[in-house]
Amino acid sequence: MEVLHFAFGVCFDVPDIKGDITPQQFWEEIFSVLTVSDVKGLHVLGGMVSAATYASQDPCYICAFTNGSLKQMRRIYKKLSADAGVGMYLTTTRPYLESNALEKIDGLTFFGKVERDGTLCGAQEELYGLRFSKRRGKRSHAGKGIVFLLAPDSVGELITSKQVIRRLTIAARRHFSGVKIQPFPIAYGEAGTVDALLTAGCGTERTIQVKGPGAEKIDAHYAVLYGSTAVVEMPKEFEQATAPCSSFGIGEIIRRALDEGLNEIIISDSKSQIGDYGLGCLRALGIKLLDEQGQELSGGREDIDRLSSIDLELVHSRLQEVKFTLMTNDLNVLNRKNIISHALELTQAENKSRSKNLDLFCELVPALLKTVGDMPGLHTLLVPALRADCRPSVDALLDAVHFESYLKRASLVITGEAQKGILTDGHQGPAIKTIVERCKNTKTPCIQFFGVDVEQGQDEKVKREAYSMLTTLYIAATKEGNREKAIALIDNFADRLFRIIRIGRELS
């Protein structure tokens with residue numbers, strides 16, 4: 001028996017806020033990537049699918065093609081998989097569907113058969129204004145050869161960085177047919193950092209079960225970049241804990257990354273309720289904490305004063321071979337890093353006969369606690385114990401993903417923040433300022449936007465730090481707590497932004 005017809009579907013995430021994105025906009029993504037030669041003669045179907053209809057954790061929207069050859073379906077898969085702008089919308093459970101799964105789904109709308117000119121014929125419901133181009137960029141050369149790198153920050157608690165990128169992407173596709181989108185969500189080390197790195201196409205995800213703030217087991221995630229670097233995000237359970245908790249679970253993640261043979265581990269110390277000075281983390285790495293009688297301590301916060309010695313017999317063998325970095329947004333922590341380093345140097349200077357290895361760590365603890373005072377966070381003992389470096393989260397992440405290589409491929413970088421009052425002192429937020437500075441160093445054109453009320457002299461404050469290929473735009477300030485209003489403001493701004501860029505493209 002010879003099988004002649006195949007089907008292929010794409011599952012898109014459906015945001016939980018009504019009006020955030022429409023089915024028409026999902027199809028705009030598909031139409032912007034595929035051409036007539038890819039889909040000619042295929043039947044186009046789509047529709048909303050509930051979690052009960054298809055074995056999925058969340059509802060999704062399916063864009064499906066049927067009545068084609070295996071070669072056509074492979075071509076569609078290859079093109080959609082290679083486009084980061086499309087990948088940003090896909091579900092994480094089942095992003096693609098094959099023929100057998102599609103046959104079980106009822107209620108999909110028939111949008112028509114793709115004709116030779118790229119139009120859809122015989123539709124039950126029309127996709128307004130959409131048609132496949134015969135060749136990417138033929139109908140409009142505006143997007144040919146252009147790469148937009150989109151790296152906006154989140155809008156407070158209203159809209160995530162990834163969702164802002166979605167809004168900008170919709171407008172960019174509308175005005176620049178065939179344009180390549182490089183999404184780069186801003187992350188600060190908290191829960192969601194791994195997802196941001198995966199969206200930017202920087203690495204692969206690892207999941208491990210570890211001990212949570214209590215005795216329960218939780219799922220923790222870390223990203224592996226370029227096969228050599230692990231980025232450990234702070235699990236949301238540690239961020240949401242109501243009382244100081246143990247860092248043992250963080251140590252389990254680090255141990256897993258060490259077992260994997262990675263050469264560098266970047267650890268988040270962001271917004272956590274960890275309150276044991278990092279003792280639990282050290283125990284998970286095989287370091288036994290002993291009191292004066294030689295009894296092993298549990299590693300709780302109260303054990304810091306009882307710590308007398310350590311046993312390194314079971315310590316992980318690769319602990320001193322790996323480079324460790326703690327990323328944080330706490331200025332106090334970054335300042336304390338210098339204090340910790342100073343205390344480390346003083347203690348080592350007094351013990352010149354000993355090598356600078358982990359077995360000297362126990363002798364450092366009393367001097368450290370006396371010098372830096374009460375700092376129960378993860379960084380207190382991890383910095384001296386692992387010789388870890390403390391760095392601002394954005395800098396650590398951008399260096400880890402080789403951000404400059406992204407800038408070299410970008411035609412234009414668009415970054416910014418849509419929160420009210422972000423420029424009250426005439427300065428960008430830390431992430432935006434870092435990105436703009438790197439654009440300046442690589443001579444990459446950049447547009448930054450801010451959600452502020454424009455005051456007299458505001459532009460002059462920004463121009464002081466500007467360079468020739470940077471321009472600053474303003475959007476109306478978003479209102480805290482009104483997500484629908486914030487989305488509308490960003491949509492309006494994005495449409496005007498890319499319309500102006502299109503005009504400049506045509507003039508050139």
Side-chain angles (χ1 to χ4, degrees), residues 187-194 207-223 230-258 265-289 297-307 310 316 319 324-337 339-340 343 361 364-365 368-369 371-393 396-397:
Y188 295 96
E190 66 271 13
T193 295
V194 170
T207 302
I208 176 177
Q209 279 209 328
V210 300
K211 181 180 179 181
E216 78 286 359
K217 286 289 185 178
I218 62 171
D219 286 334
H221 310 275
Y222 67 95
V231 177
V232 178
E233 72 176 23
M234 184 59 62
K236 64 178 183 298
E237 289 82 1
F238 285 88
E239 297 176 2
Q240 298 169 355
T242 57
C245 54
S246 169
S247 60
F248 189 87
I250 305 300
E252 289 181 293
I253 307 174
I254 297 173
R255 190 178 187 93
R256 166 70 177 273
L258 290 170
I265 300 178
I266 303 174
I267 311 160
S268 169
D269 189 30
S270 174
K271 296 182 180 179
S272 70
Q273 292 297 321
I274 290 175
D276 65 350
Y277 301 88
L279 289 176
C281 180
L282 297 181
R283 285 190 65 240
L285 295 174
I287 300 176
K288 286 187 177 181
L289 310 172
L297 302 173
S298 63
R301 180 172 183 171
E302 66 282 356
D303 291 333
I304 195 67
D305 294 326
R306 300 170 56 199
L307 181 61
I310 59 176
H316 199 287
L319 200 61
F324 289 93
T325 301
L326 262 68
M327 52 181 174
T328 180
N329 302 311
D330 190 339
L331 294 178
N332 293 326
V333 170
L334 295 174
N335 293 333
R336 287 168 180 166
K337 176 192 72 171
I339 300 176
I340 293 173
F361 166 67
L364 300 177
V365 174
L368 283 171
L369 295 180
T371 306
V372 303
D374 184 21
M375 298 193 316
L378 183 66
H379 63 280
T380 308
L381 298 184
L382 257 63
V383 169
L386 305 181
R387 301 297 191 270
D389 183 24
C390 278
R391 298 190 61 202
S393 298
L397 289 173

**Q** Just do the side-chain contact (heavy atoms from CB on, under 4.5 Å) check on F238 and I218 with the steps written out, would you?
**A** CA-CA 10 Å; F238 285 88; I218 62 171; 3.8 Å; yes

**Q** Are side-chain heavy atoms of Q209 and D219 found at a separation under 4.5 Å?
**A** yes

**Q** Looking at A284, is its backbone amide N or carbonyl O close enough to the side chain of R255 to form a donor-acceptor pair, meaning the two atoms are under 3.5 Å apart?
**A** yes

**Q** So do the side chains of L258 and L319 get within less than 4.5 Å of each other, counting heavy atoms only?
**A**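 In short, these two side chains touch, coming nearer than 4.5 Å.
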
**Q** Which heavy-atom pair separates T207 from R256 by the least distance, and what is that distance?
**A**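 In terms of heavy atoms, the two residues are closest at O-NH1, 3.8 Å.
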
**Q** Which pair of heavy atoms, one from I254 and one from C281, lies closest together, and at what distance?
**A**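 Scanning both residues, the minimum pair turns out to be CD1-SG, 3.7 Å.
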
**Q** For the atom pair CD1 (I267) and CD1 (I253), what is the distance rounded to the nearest 0.5 Å?
**A** 9.5 Å

**Q** Measuring from Q273:CD to Q240:CD, what's the distance to the nearest 0.5 Å?
**A**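 Going from the CD atom of Q273 to the CD atom of Q240 covers 10.5 Å.
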
**Q** Kindly give the heavy-atom pair with the smallest separation between E237 and P213, and that separation in Å.
**A**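 So the minimum-distance heavy-atom pair works out to O-CG, 3.4 Å.
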
**Q** Test I266 against Y222 for side-chain contact (heavy atoms from CB on, under 4.5 Å), laying out the working first.
**A** CA-CA 10 Å; I266 303 174; Y222 67 95; over 6 Å; no

**Q** First locate atom CG of D389, then atom CE of M327, and finally report the distance between them rounded to the nearest 0.5 Å.
**A** 13.0 Å

**Q** Does the E216 side chain pair with the main chain of G214, one donor and one acceptor, at a distance under 3.5 Å?
**A** yes

**Q** What pair of heavy atoms forms the shortest contact from V194 to A223, and how long is it?
**A**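 Nearest heavy atoms, V194 then A223: CG2-N, 3.7 Å.
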
**Q** With rounding to the nearest 0.5 Å, note down the distance linking CD in E233 to CD in E239.
**A** 8.0 Å

**Q** How many angstroms lie between CD1 in I265 and CG in L386, if you round to the nearest 0.5 Å?
**A**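 The CD1 atom of I265 sits 8.5 Å away from the CG atom of L386.
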
**Q** Counting N and O atoms only, with roles assigned by atom type, does the side chain of D276 sit under 3.5 Å from a partner on the main chain of S247, one being a donor and the other an acceptor?
**A** yes

**Q** Can you give me the closest heavy-atom contact between G275 and P244, atom names plus distance?
**A**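 Answer, listing the atom of G275 first, then P244: CA-CB, 4.1 Å.
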
**Q** What is the distance from atom CE of M234 to atom OG1 of T193, rounded to the nearest 0.5 Å?
**A**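 Taking CE in M234 and OG1 in T193, the distance rounds to 10.0 Å.
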
**Q** Is any side-chain heavy atom of L382 closer than 4.5 Å to one of L282?
**A** yes

**Q** Which heavy atom of G189 sits nearest a heavy atom of S268, and at what distance?
**A**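 Nearest heavy atoms, G189 then S268: O-OG, 2.8 Å.
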
